[in-house]
*Asks:* 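Take this structure, written in C-alpha coordinates, and hold onto it; I'll ask about it next.
So you know, we letter chains A, B, ... as the sequences are listed, proteins then strands, and number each from 1. Below, each value reflects all heavy atoms present in this structure, side chains not excepted, and no hydrogens, waters or symmetry copies.
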Amino acid sequence: MSAELKLKAIEIRKKLLSMIYKAKSGHTGGSLSCVDILVSLHYGVMRLNPKDPKWADRDRFILSKGHSVEAYYAVLADLGFFSETELETYCRFGSRLTGHPTTKVPGVEVNTGALGHGLAVGVGMALAGKIDKKDYKVFVLMGDGELGEGSVWEAAQVASHHKLDNLVAIVDRNRLQISGPTEEVLRLEDLQAKWTAFGWKVLRADGHDIDQLISLFKALPTVPQTPHLVIAQTIKGKGISFIENRKEWHHHVPNDDEYKRAMEELDEQIRELEKSCTHK
Amino acid sequence: MHSQIAIRVGIAQKLLELAEANKDIVVVTSDARGSAAIEKFFERFPDRSIEVGIAEQTAVGVAAGLSLCGKKTFVFGPACFYSARSLEQVKNDVAYSGADVKIMAVSGGVSYGPLGSTHHSLHDIAVYRAIPNIAVILPSDAHQGAAVVQALLNINQPAYVRVGRNPVPLLYSQQEDSFTFGKANILKEGKDLAIMAAGEVSWHALEAGKILDSMGVKTTVIDIPCVKPLDAELILQVARSVGKIMVVEEHSIHGGLGEAVCSLLSKNYPVPVEIIAIPDEYPVTGTQSEVYSNYNLDYSGIAKRAQEFLRRIEIGKIHTRD
Ligand SMILES: [Mg+2]
(Lines give C-alpha, C1' and ligand atoms only; values in the text may rest on other atoms or scores of the structure.)
Protein backbone atom coordinates (compact mmCIF):
# COMPACT_ATOMS: atom_id res chain seq x y z
CA MET A 1 0.00 0.00 0.00
CA SER A 2 2.53 2.52 1.16
CA ALA A 3 5.01 2.17 -1.70
CA GLU A 4 2.22 2.19 -4.23
CA LEU A 5 0.77 5.43 -2.90
CA LYS A 6 4.22 6.95 -2.48
CA LEU A 7 4.75 6.29 -6.15
CA LYS A 8 1.34 7.79 -6.87
CA ALA A 9 2.32 10.94 -4.98
CA ILE A 10 5.49 11.33 -7.03
CA GLU A 11 3.54 10.84 -10.24
CA ILE A 12 1.03 13.50 -9.14
CA ARG A 13 3.94 15.86 -8.46
CA LYS A 14 5.24 15.26 -11.98
CA LYS A 15 1.83 15.89 -13.47
CA LEU A 16 1.20 19.10 -11.58
CA LEU A 17 4.62 20.46 -12.49
CA SER A 18 3.97 19.64 -16.11
CA MET A 19 0.61 21.44 -15.96
CA ILE A 20 2.15 24.56 -14.42
CA TYR A 21 5.10 24.50 -16.79
CA LYS A 22 2.89 24.20 -19.88
CA ALA A 23 0.27 26.71 -18.72
CA LYS A 24 2.98 29.12 -17.51
CA SER A 25 0.68 29.66 -14.56
CA GLY A 26 0.05 28.08 -11.20
CA HIS A 27 0.88 27.79 -7.53
CA THR A 28 3.86 25.47 -7.38
CA GLY A 29 4.83 25.53 -3.70
CA GLY A 30 1.38 24.99 -2.18
CA SER A 31 0.43 22.29 -4.66
CA LEU A 32 3.57 20.27 -3.92
CA SER A 33 2.97 20.81 -0.21
CA CYS A 34 -0.44 19.11 -0.10
CA VAL A 35 0.06 16.22 -2.56
CA ASP A 36 0.52 13.56 0.14
CA ILE A 37 -2.58 14.77 2.01
CA LEU A 38 -4.64 14.65 -1.20
CA VAL A 39 -3.33 11.21 -2.10
CA SER A 40 -3.97 9.84 1.41
CA LEU A 41 -7.56 11.06 1.42
CA HIS A 42 -8.53 10.22 -2.15
CA TYR A 43 -6.84 6.82 -2.46
CA GLY A 44 -6.79 5.60 1.11
CA VAL A 45 -9.68 7.10 3.04
CA MET A 46 -12.57 8.64 1.14
CA ARG A 47 -15.63 6.88 -0.23
CA LEU A 48 -15.84 8.05 -3.85
CA ASN A 49 -17.21 6.92 -7.18
CA PRO A 50 -15.59 8.64 -10.15
CA LYS A 51 -18.27 7.15 -12.42
CA ASP A 52 -20.96 8.81 -10.29
CA PRO A 53 -19.44 12.04 -8.96
CA LYS A 54 -22.76 13.15 -7.41
CA TRP A 55 -23.35 9.87 -5.56
CA ALA A 56 -25.35 10.93 -2.48
CA ASP A 57 -23.33 8.84 -0.02
CA ARG A 58 -19.89 9.99 -1.16
CA ASP A 59 -17.48 11.60 1.24
CA ARG A 60 -17.02 15.28 0.47
CA PHE A 61 -13.71 17.06 -0.04
CA ILE A 62 -13.28 20.82 -0.24
CA LEU A 63 -10.01 22.35 -1.36
CA SER A 64 -10.39 25.55 0.61
CA LYS A 65 -6.84 26.49 -0.38
CA GLY A 66 -8.12 26.55 -3.94
CA HIS A 67 -4.83 27.77 -5.40
CA SER A 68 -3.40 24.25 -4.99
CA VAL A 69 -5.71 23.29 -7.81
CA GLU A 70 -3.05 21.67 -10.03
CA ALA A 71 -2.46 18.90 -7.49
CA TYR A 72 -6.21 18.45 -7.09
CA TYR A 73 -6.97 18.27 -10.84
CA ALA A 74 -4.12 15.77 -11.27
CA VAL A 75 -5.62 13.56 -8.56
CA LEU A 76 -9.18 13.82 -9.94
CA ALA A 77 -8.00 12.96 -13.45
CA ASP A 78 -5.95 10.03 -12.17
CA LEU A 79 -9.01 8.73 -10.32
CA GLY A 80 -11.00 8.93 -13.55
CA PHE A 81 -13.32 11.86 -12.82
CA PHE A 82 -12.24 13.21 -16.20
CA SER A 83 -9.65 12.28 -18.77
CA GLU A 84 -5.92 12.67 -18.19
CA THR A 85 -5.53 14.37 -21.55
CA GLU A 86 -7.79 17.19 -20.39
CA LEU A 87 -5.08 18.21 -17.92
CA GLU A 88 -3.26 19.59 -20.98
CA THR A 89 -5.94 22.29 -21.22
CA TYR A 90 -5.23 23.66 -17.75
CA CYS A 91 -5.71 27.45 -17.78
CA ARG A 92 -6.06 27.46 -21.56
CA PHE A 93 -8.67 29.58 -23.32
CA GLY A 94 -12.12 28.03 -22.94
CA SER A 95 -10.98 25.19 -20.67
CA ARG A 96 -13.12 24.16 -17.73
CA LEU A 97 -9.88 23.61 -15.82
CA THR A 98 -9.68 27.15 -14.46
CA GLY A 99 -6.84 28.23 -12.16
CA HIS A 100 -9.02 27.61 -9.11
CA PRO A 101 -11.49 24.73 -8.73
CA THR A 102 -15.05 25.05 -10.04
CA THR A 103 -18.05 22.74 -10.05
CA LYS A 104 -17.80 22.50 -13.83
CA VAL A 105 -15.11 19.92 -13.14
CA PRO A 106 -16.49 16.50 -12.14
CA GLY A 107 -15.56 15.73 -8.55
CA VAL A 108 -15.27 19.35 -7.42
CA GLU A 109 -17.86 20.10 -4.74
CA VAL A 110 -17.74 23.90 -4.60
CA ASN A 111 -15.91 26.78 -6.26
CA THR A 112 -12.99 27.89 -4.12
CA GLY A 113 -10.09 30.27 -4.46
CA ALA A 114 -11.13 33.12 -2.18
CA LEU A 115 -9.56 32.01 1.08
CA GLY A 116 -11.58 31.37 4.20
CA HIS A 117 -14.69 30.05 2.44
CA GLY A 118 -14.29 26.29 2.46
CA LEU A 119 -14.83 25.55 6.12
CA ALA A 120 -18.29 27.17 6.28
CA VAL A 121 -19.36 25.28 3.15
CA GLY A 122 -18.03 22.11 4.77
CA VAL A 123 -20.09 22.88 7.87
CA GLY A 124 -23.18 23.12 5.65
CA MET A 125 -22.40 19.78 4.00
CA ALA A 126 -21.80 18.16 7.38
CA LEU A 127 -25.11 19.58 8.67
CA ALA A 128 -26.88 18.18 5.60
CA GLY A 129 -25.39 14.78 6.42
CA LYS A 130 -26.73 15.00 9.95
CA ILE A 131 -30.20 16.09 8.75
CA ASP A 132 -30.31 13.23 6.25
CA LYS A 133 -28.85 10.74 8.74
CA LYS A 134 -26.11 9.82 6.29
CA ASP A 135 -22.72 8.62 7.42
CA TYR A 136 -20.52 10.44 4.92
CA LYS A 137 -17.63 12.58 6.12
CA VAL A 138 -16.61 16.05 5.01
CA PHE A 139 -12.92 16.92 4.64
CA VAL A 140 -11.79 20.53 4.24
CA LEU A 141 -8.17 21.32 3.39
CA MET A 142 -6.98 24.80 4.36
CA GLY A 143 -3.67 26.56 4.01
CA ASP A 144 -1.99 27.91 7.12
CA GLY A 145 -1.86 31.45 5.78
CA GLU A 146 -5.58 31.08 5.12
CA LEU A 147 -6.19 31.03 8.87
CA GLY A 148 -5.81 34.82 8.82
CA GLU A 149 -9.35 34.99 7.42
CA GLY A 150 -11.89 35.72 10.16
CA SER A 151 -14.51 33.63 8.36
CA VAL A 152 -12.47 30.50 9.20
CA TRP A 153 -12.94 31.20 12.90
CA GLU A 154 -16.64 31.97 12.51
CA ALA A 155 -17.13 28.61 10.85
CA ALA A 156 -14.97 26.90 13.49
CA GLN A 157 -17.32 28.15 16.21
CA VAL A 158 -20.39 27.05 14.30
CA ALA A 159 -18.96 23.57 13.67
CA SER A 160 -18.31 22.83 17.33
CA HIS A 161 -21.59 24.40 18.46
CA HIS A 162 -23.43 22.01 16.14
CA LYS A 163 -21.28 19.05 17.28
CA LEU A 164 -20.17 18.13 13.76
CA ASP A 165 -18.12 14.99 14.32
CA ASN A 166 -18.51 14.19 10.62
CA LEU A 167 -16.35 17.19 9.74
CA VAL A 168 -12.56 17.04 9.44
CA ALA A 169 -10.51 20.14 8.75
CA ILE A 170 -6.87 19.82 7.75
CA VAL A 171 -4.29 22.59 7.90
CA ASP A 172 -1.47 22.28 5.40
CA ARG A 173 1.02 23.63 7.94
CA ASN A 174 3.97 24.48 5.72
CA ARG A 175 4.72 27.63 7.74
CA LEU A 176 4.99 29.81 4.63
CA GLN A 177 2.63 32.17 2.91
CA ILE A 178 3.13 34.45 -0.07
CA SER A 179 5.09 37.15 1.75
CA GLY A 180 7.17 34.91 3.98
CA PRO A 181 7.04 32.76 7.12
CA THR A 182 3.57 32.67 8.67
CA GLU A 183 4.93 33.48 12.11
CA GLU A 184 6.48 36.69 10.74
CA VAL A 185 3.60 37.76 8.52
CA LEU A 186 0.95 37.12 11.15
CA ARG A 187 1.65 34.84 14.09
CA LEU A 188 -0.61 31.77 14.05
CA GLU A 189 0.69 29.81 17.04
CA ASP A 190 -0.48 28.40 19.34
CA LEU A 191 -2.71 26.76 16.71
CA GLN A 192 -3.48 23.70 18.78
CA ALA A 193 -4.58 25.82 21.75
CA LYS A 194 -6.67 28.10 19.55
CA TRP A 195 -8.60 25.31 17.83
CA THR A 196 -8.99 23.44 21.11
CA ALA A 197 -10.45 26.59 22.65
CA PHE A 198 -12.88 26.75 19.71
CA GLY A 199 -14.17 23.32 20.69
CA TRP A 200 -12.26 21.14 18.23
CA LYS A 201 -10.28 17.97 18.81
CA VAL A 202 -6.82 18.70 17.42
CA LEU A 203 -4.45 16.05 16.08
CA ARG A 204 -1.01 16.35 14.56
CA ALA A 205 0.54 14.40 11.72
CA ASP A 206 3.50 14.36 9.39
CA GLY A 207 1.78 15.73 6.29
CA HIS A 208 4.10 13.74 4.02
CA ASP A 209 3.71 10.36 5.73
CA ILE A 210 0.94 8.72 3.75
CA ASP A 211 0.61 5.67 6.03
CA GLN A 212 0.37 7.83 9.10
CA LEU A 213 -2.16 10.17 7.49
CA ILE A 214 -4.38 7.32 6.31
CA SER A 215 -4.52 5.56 9.66
CA LEU A 216 -5.13 8.86 11.42
CA PHE A 217 -7.98 9.89 9.09
CA LYS A 218 -9.55 6.44 9.25
CA ALA A 219 -9.68 6.57 13.04
CA LEU A 220 -11.76 9.79 13.07
CA PRO A 221 -13.71 10.86 14.98
CA THR A 222 -11.72 10.03 18.06
CA VAL A 223 -14.02 12.17 20.20
CA PRO A 224 -17.78 11.96 19.60
CA GLN A 225 -19.86 15.06 18.79
CA THR A 226 -16.71 17.05 18.09
CA PRO A 227 -15.22 18.34 14.83
CA HIS A 228 -11.59 17.35 14.25
CA LEU A 229 -8.66 19.40 13.06
CA VAL A 230 -5.54 17.75 11.71
CA ILE A 231 -2.44 19.93 11.73
CA ALA A 232 -0.42 18.36 8.95
CA GLN A 233 3.22 19.41 9.23
CA THR A 234 4.39 19.91 5.67
CA ILE A 235 7.13 21.45 3.57
CA LYS A 236 6.11 23.99 0.97
CA GLY A 237 7.47 22.82 -2.38
CA LYS A 238 7.92 19.28 -1.02
CA GLY A 239 9.83 16.87 -3.26
CA ILE A 240 12.05 19.22 -5.20
CA SER A 241 15.23 20.37 -3.48
CA PHE A 242 15.43 23.85 -4.91
CA ILE A 243 11.72 24.60 -4.44
CA GLU A 244 11.34 23.37 -0.86
CA ASN A 245 10.82 26.09 1.74
CA ARG A 246 11.30 28.92 -0.76
CA LYS A 247 8.63 31.58 -0.51
CA GLU A 248 9.34 32.77 -4.10
CA TRP A 249 7.94 29.48 -5.32
CA HIS A 250 4.44 30.32 -4.05
CA HIS A 251 3.44 31.03 -7.64
CA HIS A 252 6.74 30.93 -9.47
CA VAL A 253 6.55 28.96 -12.72
CA PRO A 254 9.54 26.75 -13.53
CA ASN A 255 11.63 27.79 -16.55
CA ASP A 256 12.97 25.16 -18.96
CA ASP A 257 16.02 24.35 -16.87
CA GLU A 258 14.15 24.29 -13.57
CA TYR A 259 11.46 22.09 -15.05
CA LYS A 260 14.04 19.64 -16.39
CA ARG A 261 15.89 19.45 -13.08
CA ALA A 262 12.66 19.08 -11.09
CA MET A 263 11.51 16.19 -13.28
CA GLU A 264 14.92 14.55 -12.95
CA GLU A 265 14.69 14.75 -9.17
CA LEU A 266 11.24 13.18 -9.21
CA ASP A 267 12.35 10.44 -11.63
CA GLU A 268 15.26 9.70 -9.32
CA GLN A 269 12.81 9.37 -6.42
CA ILE A 270 10.80 6.87 -8.44
CA ARG A 271 13.93 4.81 -9.20
CA GLU A 272 14.91 4.80 -5.51
CA LEU A 273 11.42 3.77 -4.50
CA GLU A 274 11.42 0.92 -7.01
CA LYS A 275 14.87 -0.18 -5.86
CA SER A 276 13.83 -0.26 -2.19
CA CYS A 277 10.73 -2.27 -3.12
CA THR A 278 12.62 -4.94 -5.07
CA HIS A 279 15.14 -5.22 -2.22
CA LYS A 280 12.30 -6.01 0.21
CA MET B 1 -58.14 52.40 6.28
CA HIS B 2 -55.95 49.76 4.62
CA SER B 3 -55.15 46.47 6.34
CA GLN B 4 -51.39 46.27 6.73
CA ILE B 5 -49.03 43.33 7.11
CA ALA B 6 -45.25 43.08 7.01
CA ILE B 7 -44.01 41.17 3.95
CA ARG B 8 -41.56 39.17 6.08
CA VAL B 9 -44.54 37.81 8.00
CA GLY B 10 -46.23 36.65 4.79
CA ILE B 11 -43.00 34.98 3.68
CA ALA B 12 -42.40 33.22 6.99
CA GLN B 13 -45.96 31.91 7.13
CA LYS B 14 -45.73 30.54 3.62
CA LEU B 15 -42.41 28.82 4.26
CA LEU B 16 -43.81 27.24 7.43
CA GLU B 17 -46.75 25.92 5.43
CA LEU B 18 -44.62 24.60 2.53
CA ALA B 19 -42.08 22.94 4.81
CA GLU B 20 -44.72 20.49 6.06
CA ALA B 21 -44.73 18.75 2.68
CA ASN B 22 -41.28 19.69 1.38
CA LYS B 23 -38.74 18.06 3.66
CA ASP B 24 -35.81 19.59 1.77
CA ILE B 25 -36.55 23.10 3.03
CA VAL B 26 -33.91 24.28 5.51
CA VAL B 27 -33.63 27.68 7.15
CA VAL B 28 -30.34 29.31 8.16
CA THR B 29 -30.16 32.47 10.19
CA SER B 30 -27.62 34.66 11.94
CA ASP B 31 -29.35 35.58 15.20
CA ALA B 32 -32.20 37.09 13.17
CA ARG B 33 -35.08 34.79 14.08
CA GLY B 34 -37.11 37.67 15.45
CA SER B 35 -36.45 40.21 12.73
CA ALA B 36 -37.13 37.60 10.06
CA ALA B 37 -40.29 36.37 11.86
CA ILE B 38 -39.15 32.75 11.64
CA GLU B 39 -39.41 31.72 15.31
CA LYS B 40 -42.32 29.43 14.47
CA PHE B 41 -40.25 27.63 11.84
CA PHE B 42 -37.54 27.02 14.45
CA GLU B 43 -40.15 25.63 16.85
CA ARG B 44 -41.90 23.45 14.28
CA PHE B 45 -38.78 22.17 12.43
CA PRO B 46 -35.83 22.32 14.83
CA ASP B 47 -33.85 19.77 12.80
CA ARG B 48 -34.11 21.95 9.69
CA SER B 49 -33.38 25.24 11.44
CA ILE B 50 -29.74 26.24 11.58
CA GLU B 51 -28.54 29.05 13.82
CA VAL B 52 -24.98 30.27 13.18
CA GLY B 53 -24.92 33.26 15.53
CA ILE B 54 -23.96 36.72 14.35
CA ALA B 55 -21.89 35.46 11.43
CA GLU B 56 -23.45 36.42 8.10
CA GLN B 57 -20.52 35.20 6.02
CA THR B 58 -20.76 31.78 7.59
CA ALA B 59 -24.54 31.75 7.25
CA VAL B 60 -24.18 32.03 3.48
CA GLY B 61 -21.29 29.55 3.27
CA VAL B 62 -23.21 27.03 5.37
CA ALA B 63 -26.30 27.56 3.23
CA ALA B 64 -24.24 26.86 0.11
CA GLY B 65 -22.98 23.61 1.64
CA LEU B 66 -26.51 22.54 2.52
CA SER B 67 -27.83 23.33 -0.96
CA LEU B 68 -24.92 21.56 -2.65
CA CYS B 69 -26.15 18.49 -0.73
CA GLY B 70 -29.65 18.87 -2.13
CA LYS B 71 -31.37 21.15 0.39
CA LYS B 72 -33.64 24.06 -0.47
CA THR B 73 -31.92 26.54 1.77
CA PHE B 74 -33.39 29.89 2.78
CA VAL B 75 -31.05 32.27 4.61
CA PHE B 76 -32.81 34.90 6.68
CA GLY B 77 -31.19 38.09 7.93
CA PRO B 78 -31.00 41.85 7.49
CA ALA B 79 -30.48 43.07 3.93
CA CYS B 80 -27.82 45.55 5.01
CA PHE B 81 -25.48 42.73 6.09
CA TYR B 82 -26.39 40.22 3.37
CA SER B 83 -25.68 42.77 0.66
CA ALA B 84 -22.24 43.74 1.94
CA ARG B 85 -20.55 41.62 4.59
CA SER B 86 -21.42 38.26 3.06
CA LEU B 87 -21.34 39.33 -0.56
CA GLU B 88 -18.19 37.34 -1.34
CA GLN B 89 -19.87 34.18 -0.06
CA VAL B 90 -22.91 35.00 -2.18
CA LYS B 91 -20.78 35.52 -5.27
CA ASN B 92 -18.47 32.51 -4.88
CA ASP B 93 -20.14 29.88 -2.70
CA VAL B 94 -23.67 30.46 -3.98
CA ALA B 95 -23.89 32.08 -7.41
CA TYR B 96 -20.58 30.99 -8.97
CA SER B 97 -20.84 27.49 -7.51
CA GLY B 98 -24.49 27.20 -8.55
CA ALA B 99 -25.79 26.45 -5.05
CA ASP B 100 -29.57 26.79 -4.91
CA VAL B 101 -29.68 29.24 -1.98
CA LYS B 102 -32.33 31.88 -1.45
CA ILE B 103 -31.11 34.95 0.43
CA MET B 104 -34.20 36.28 2.22
CA ALA B 105 -33.05 39.78 3.08
CA VAL B 106 -35.37 41.44 5.56
CA SER B 107 -35.49 45.01 6.86
CA GLY B 108 -34.20 46.22 3.50
CA GLY B 109 -33.97 49.70 2.03
CA VAL B 110 -34.54 52.32 4.71
CA SER B 111 -37.03 50.26 6.70
CA TYR B 112 -34.82 50.40 9.80
CA GLY B 113 -35.40 54.16 9.53
CA PRO B 114 -33.66 56.18 12.23
CA LEU B 115 -31.10 53.45 12.98
CA GLY B 116 -29.07 55.03 10.21
CA SER B 117 -27.10 54.00 7.18
CA THR B 118 -25.26 51.06 8.79
CA HIS B 119 -28.69 49.43 8.81
CA HIS B 120 -29.92 50.60 5.43
CA SER B 121 -29.43 48.70 2.20
CA LEU B 122 -29.62 51.13 -0.67
CA HIS B 123 -26.88 49.53 -2.76
CA ASP B 124 -28.14 45.95 -2.68
CA ILE B 125 -29.93 45.84 -6.02
CA ALA B 126 -26.90 47.37 -7.72
CA VAL B 127 -24.43 44.85 -6.35
CA TYR B 128 -26.67 41.82 -6.78
CA ARG B 129 -27.56 42.81 -10.34
CA ALA B 130 -23.88 42.63 -11.22
CA ILE B 131 -23.48 39.04 -9.99
CA PRO B 132 -24.30 36.39 -12.61
CA ASN B 133 -26.64 33.49 -11.79
CA ILE B 134 -28.70 35.06 -9.03
CA ALA B 135 -32.18 36.51 -9.39
CA VAL B 136 -33.10 39.81 -7.69
CA ILE B 137 -36.65 40.00 -6.39
CA LEU B 138 -38.49 42.70 -4.45
CA PRO B 139 -41.98 41.63 -3.39
CA SER B 140 -44.38 44.52 -2.94
CA ASP B 141 -46.78 43.05 -0.39
CA ALA B 142 -47.28 40.04 1.87
CA HIS B 143 -49.34 38.11 -0.69
CA GLN B 144 -46.66 38.53 -3.32
CA GLY B 145 -43.96 37.66 -0.78
CA ALA B 146 -45.70 34.34 -0.16
CA ALA B 147 -46.06 33.76 -3.89
CA VAL B 148 -42.34 34.43 -4.36
CA VAL B 149 -41.45 31.76 -1.80
CA GLN B 150 -43.69 29.26 -3.56
CA ALA B 151 -42.27 30.10 -6.98
CA LEU B 152 -38.65 29.94 -5.83
CA LEU B 153 -39.10 26.40 -4.57
CA ASN B 154 -39.59 25.32 -8.17
CA ILE B 155 -36.71 27.36 -9.58
CA ASN B 156 -33.33 25.72 -9.06
CA GLN B 157 -31.45 28.98 -9.12
CA PRO B 158 -30.11 31.27 -6.41
CA ALA B 159 -32.15 34.34 -5.56
CA TYR B 160 -31.88 37.50 -3.48
CA VAL B 161 -35.25 38.52 -2.09
CA ARG B 162 -35.40 41.95 -0.50
CA VAL B 163 -38.29 42.96 1.72
CA GLY B 164 -38.82 45.65 4.33
CA ARG B 165 -39.57 45.43 8.00
CA ASN B 166 -42.73 47.38 8.65
CA PRO B 167 -46.39 46.54 8.05
CA VAL B 168 -47.40 47.75 4.60
CA PRO B 169 -50.74 47.81 2.75
CA LEU B 170 -51.76 44.87 0.58
CA LEU B 171 -51.39 45.63 -3.10
CA TYR B 172 -52.84 42.31 -4.25
CA SER B 173 -56.10 40.80 -3.08
CA GLN B 174 -54.64 37.30 -3.00
CA GLN B 175 -51.44 35.35 -3.42
CA GLU B 176 -52.57 33.69 -6.63
CA ASP B 177 -51.44 35.47 -9.79
CA SER B 178 -49.43 38.05 -7.83
CA PHE B 179 -46.05 36.69 -8.97
CA THR B 180 -44.63 34.90 -11.97
CA PHE B 181 -40.87 34.56 -12.13
CA GLY B 182 -39.41 37.05 -14.62
CA LYS B 183 -42.73 38.84 -15.14
CA ALA B 184 -43.96 42.30 -14.21
CA ASN B 185 -47.59 43.03 -13.36
CA ILE B 186 -49.78 45.76 -14.85
CA LEU B 187 -51.68 47.29 -11.94
CA LYS B 188 -53.59 49.82 -14.03
CA GLU B 189 -53.51 51.27 -17.53
CA GLY B 190 -53.57 54.82 -18.84
CA LYS B 191 -52.08 56.58 -21.85
CA ASP B 192 -50.29 59.66 -20.45
CA LEU B 193 -47.58 58.33 -18.13
CA ALA B 194 -46.23 54.95 -17.02
CA ILE B 195 -45.02 54.55 -13.44
CA MET B 196 -42.86 51.51 -12.73
CA ALA B 197 -41.88 50.42 -9.24
CA ALA B 198 -40.47 47.52 -7.24
CA GLY B 199 -40.98 46.53 -3.62
CA GLU B 200 -42.86 48.49 -1.01
CA VAL B 201 -43.00 51.69 -3.08
CA SER B 202 -45.20 49.93 -5.64
CA TRP B 203 -48.26 50.59 -3.48
CA HIS B 204 -47.34 54.28 -3.40
CA ALA B 205 -46.87 54.23 -7.17
CA LEU B 206 -50.41 52.88 -7.61
CA GLU B 207 -51.89 55.45 -5.22
CA ALA B 208 -50.01 58.21 -7.04
CA GLY B 209 -51.37 56.88 -10.30
CA LYS B 210 -54.92 57.17 -8.98
CA ILE B 211 -54.30 60.74 -7.77
CA LEU B 212 -52.92 61.68 -11.19
CA ASP B 213 -55.91 60.08 -12.89
CA SER B 214 -58.25 62.24 -10.86
CA MET B 215 -56.30 65.27 -12.08
CA GLY B 216 -56.70 64.21 -15.70
CA VAL B 217 -53.33 62.49 -16.20
CA LYS B 218 -54.13 58.92 -17.18
CA THR B 219 -51.47 56.58 -15.80
CA THR B 220 -50.22 53.08 -16.33
CA VAL B 221 -48.70 51.56 -13.19
CA ILE B 222 -46.42 48.52 -13.35
CA ASP B 223 -45.18 46.47 -10.39
CA ILE B 224 -41.80 44.89 -11.19
CA PRO B 225 -41.02 42.34 -8.47
CA CYS B 226 -38.37 40.66 -10.61
CA VAL B 227 -35.62 43.23 -11.09
CA LYS B 228 -33.44 40.47 -12.52
CA PRO B 229 -34.37 38.87 -14.81
CA LEU B 230 -36.28 41.92 -15.98
CA ASP B 231 -39.55 41.63 -17.93
CA ALA B 232 -38.10 43.32 -21.00
CA GLU B 233 -41.08 42.50 -23.18
CA LEU B 234 -43.64 44.24 -21.00
CA ILE B 235 -41.43 47.25 -20.26
CA LEU B 236 -40.75 47.81 -23.96
CA GLN B 237 -44.40 47.37 -24.79
CA VAL B 238 -45.31 50.05 -22.25
CA ALA B 239 -42.53 52.32 -23.51
CA ARG B 240 -43.97 52.04 -27.02
CA SER B 241 -47.57 52.63 -26.01
CA VAL B 242 -47.11 55.34 -23.33
CA GLY B 243 -43.75 56.91 -24.22
CA LYS B 244 -43.01 58.55 -20.84
CA ILE B 245 -41.80 56.56 -17.87
CA MET B 246 -41.19 57.19 -14.19
CA VAL B 247 -39.35 54.60 -12.11
CA VAL B 248 -39.74 54.60 -8.33
CA GLU B 249 -37.44 52.62 -6.06
CA GLU B 250 -36.29 52.48 -2.46
CA HIS B 251 -32.65 52.29 -3.51
CA SER B 252 -29.73 54.47 -4.47
CA ILE B 253 -30.18 56.36 -7.72
CA HIS B 254 -27.18 54.32 -8.91
CA GLY B 255 -27.52 50.82 -10.23
CA GLY B 256 -31.07 49.95 -9.30
CA LEU B 257 -34.30 49.31 -11.17
CA GLY B 258 -34.21 52.78 -12.71
CA GLU B 259 -30.89 52.20 -14.39
CA ALA B 260 -31.91 48.67 -15.37
CA VAL B 261 -34.97 50.08 -17.17
CA CYS B 262 -32.88 52.86 -18.77
CA SER B 263 -30.32 50.35 -19.98
CA LEU B 264 -33.03 48.28 -21.60
CA LEU B 265 -34.71 51.28 -23.20
CA SER B 266 -31.55 52.98 -24.44
CA LYS B 267 -30.68 49.87 -26.40
CA ASN B 268 -34.16 49.18 -27.76
CA TYR B 269 -36.55 52.10 -27.60
CA PRO B 270 -35.32 55.28 -25.90
CA VAL B 271 -38.03 57.38 -24.24
CA PRO B 272 -37.77 59.95 -21.42
CA VAL B 273 -37.34 58.33 -18.00
CA GLU B 274 -37.54 60.04 -14.62
CA ILE B 275 -36.14 58.06 -11.68
CA ILE B 276 -37.27 58.71 -8.13
CA ALA B 277 -34.76 57.11 -5.77
CA ILE B 278 -32.48 57.99 -2.90
CA PRO B 279 -29.81 60.44 -4.09
CA ASP B 280 -26.09 59.65 -3.71
CA GLU B 281 -25.98 60.49 -0.01
CA TYR B 282 -26.57 58.96 3.43
CA PRO B 283 -30.26 59.60 4.03
CA VAL B 284 -31.76 61.98 6.53
CA THR B 285 -32.65 60.53 9.94
CA GLY B 286 -36.28 59.49 10.16
CA THR B 287 -38.78 56.68 10.05
CA GLN B 288 -39.22 54.82 6.77
CA SER B 289 -42.27 56.93 5.93
CA GLU B 290 -40.47 60.17 6.83
CA VAL B 291 -37.57 59.18 4.61
CA TYR B 292 -40.01 58.29 1.82
CA SER B 293 -41.62 61.67 2.16
CA ASN B 294 -38.28 63.49 2.19
CA TYR B 295 -37.23 61.93 -1.13
CA ASN B 296 -40.66 61.90 -2.81
CA LEU B 297 -40.99 58.12 -2.61
CA ASP B 298 -44.50 58.29 -1.12
CA TYR B 299 -47.63 58.73 -3.22
CA SER B 300 -47.91 62.48 -2.83
CA GLY B 301 -44.22 62.93 -3.70
CA ILE B 302 -44.54 60.62 -6.70
CA ALA B 303 -47.61 62.51 -7.93
CA LYS B 304 -45.79 65.85 -7.50
CA ARG B 305 -42.69 64.64 -9.32
CA ALA B 306 -44.84 63.19 -12.09
CA GLN B 307 -46.45 66.55 -12.72
CA GLU B 308 -43.03 68.25 -12.79
CA PHE B 309 -41.74 65.60 -15.21
CA LEU B 310 -44.70 66.06 -17.54
CA ARG B 311 -44.36 69.85 -17.31
CA ARG B 312 -40.72 69.70 -18.40
CA ILE B 313 -41.76 67.59 -21.36
CA GLU B 314 -44.57 70.02 -22.16
CA ILE B 315 -42.30 73.07 -22.21
CA GLY B 316 -39.78 71.24 -24.37
CA LYS B 317 -37.01 70.74 -21.81
CA ILE B 318 -37.26 67.00 -22.39
CA HIS B 319 -38.02 65.61 -25.81
CA THR B 320 -40.26 62.65 -26.44
CA ARG B 321 -39.96 60.50 -29.54
CA ASP B 322 -42.77 62.15 -31.52
MG1 LIG C 1 1.26 28.01 3.74
*Asks:* Can you confirm whether the side chains of B:E51 and A:H161 place a donor and an acceptor under 3.5 Å from each other?
*Replies:* no
*Asks:* Mind checking whether B:L68 and A:M125 have side chains closer than 4.5 Å, heavy atoms only?
*Replies:* yes
*Asks:* Identify which part of B:A63 has an atom lying under 4.5 Å from any heavy atom of chain A, answering side chain, backbone, both or neither.
*Replies:* neither
*Asks:* Checking heavy atoms, do the side chain of A:S151, its backbone, both or neither come under 4.5 Å from chain B?
*Replies:* both
*Asks:* Quick check on the interface: out of B:K71, B:R48, B:E88, who has the most heavy-atom pairs with chain A under 4.5 Å?
*Replies:* B:E88
*Asks:* Given a strict heavy-atom distance threshold of 4.5 Å, which part of A:E109 is in contact with chain B: side chain, backbone, both, or neither?
*Replies:* backbone
*Asks:* Under a 4.5 Å heavy-atom cut-off, does chain B meet the side chain of A:I131, its backbone, both or neither?
*Replies:* side chain
*Asks:* Top residue by heavy-atom pair count (under 4.5 Å) with chain A, among B:D47, B:V28, B:I50?
*Replies:* B:I50
*Asks:* Among B:T58, B:V60, B:L66, B:D93, find the residue that satisfies the side-chain contact (heavy atoms from CB on, under 4.5 Å) test when tested with A:V121.
*Replies:* B:D93
*Asks:* B:V26 versus chain A, heavy atoms under 4.5 Å apart: side chain, backbone, both or neither?
*Replies:* side chain
*Asks:* In chain order, what residues pass the ring-ring contact (aromatic ring centres under 6.0 Å, His included) check against B:H123, with sequence neighbours excluded?
*Replies:* none
*Asks:* Can you tell me which portion of B:N92 sits under 4.5 Å from chain A's heavy atoms? Options are side chain, backbone, both or neither.
*Replies:* both
*Asks:* Side chains of B:V52 and A:E154, heavy atoms from C-beta outward: is any pair under 4.5 Å?
*Replies:* no
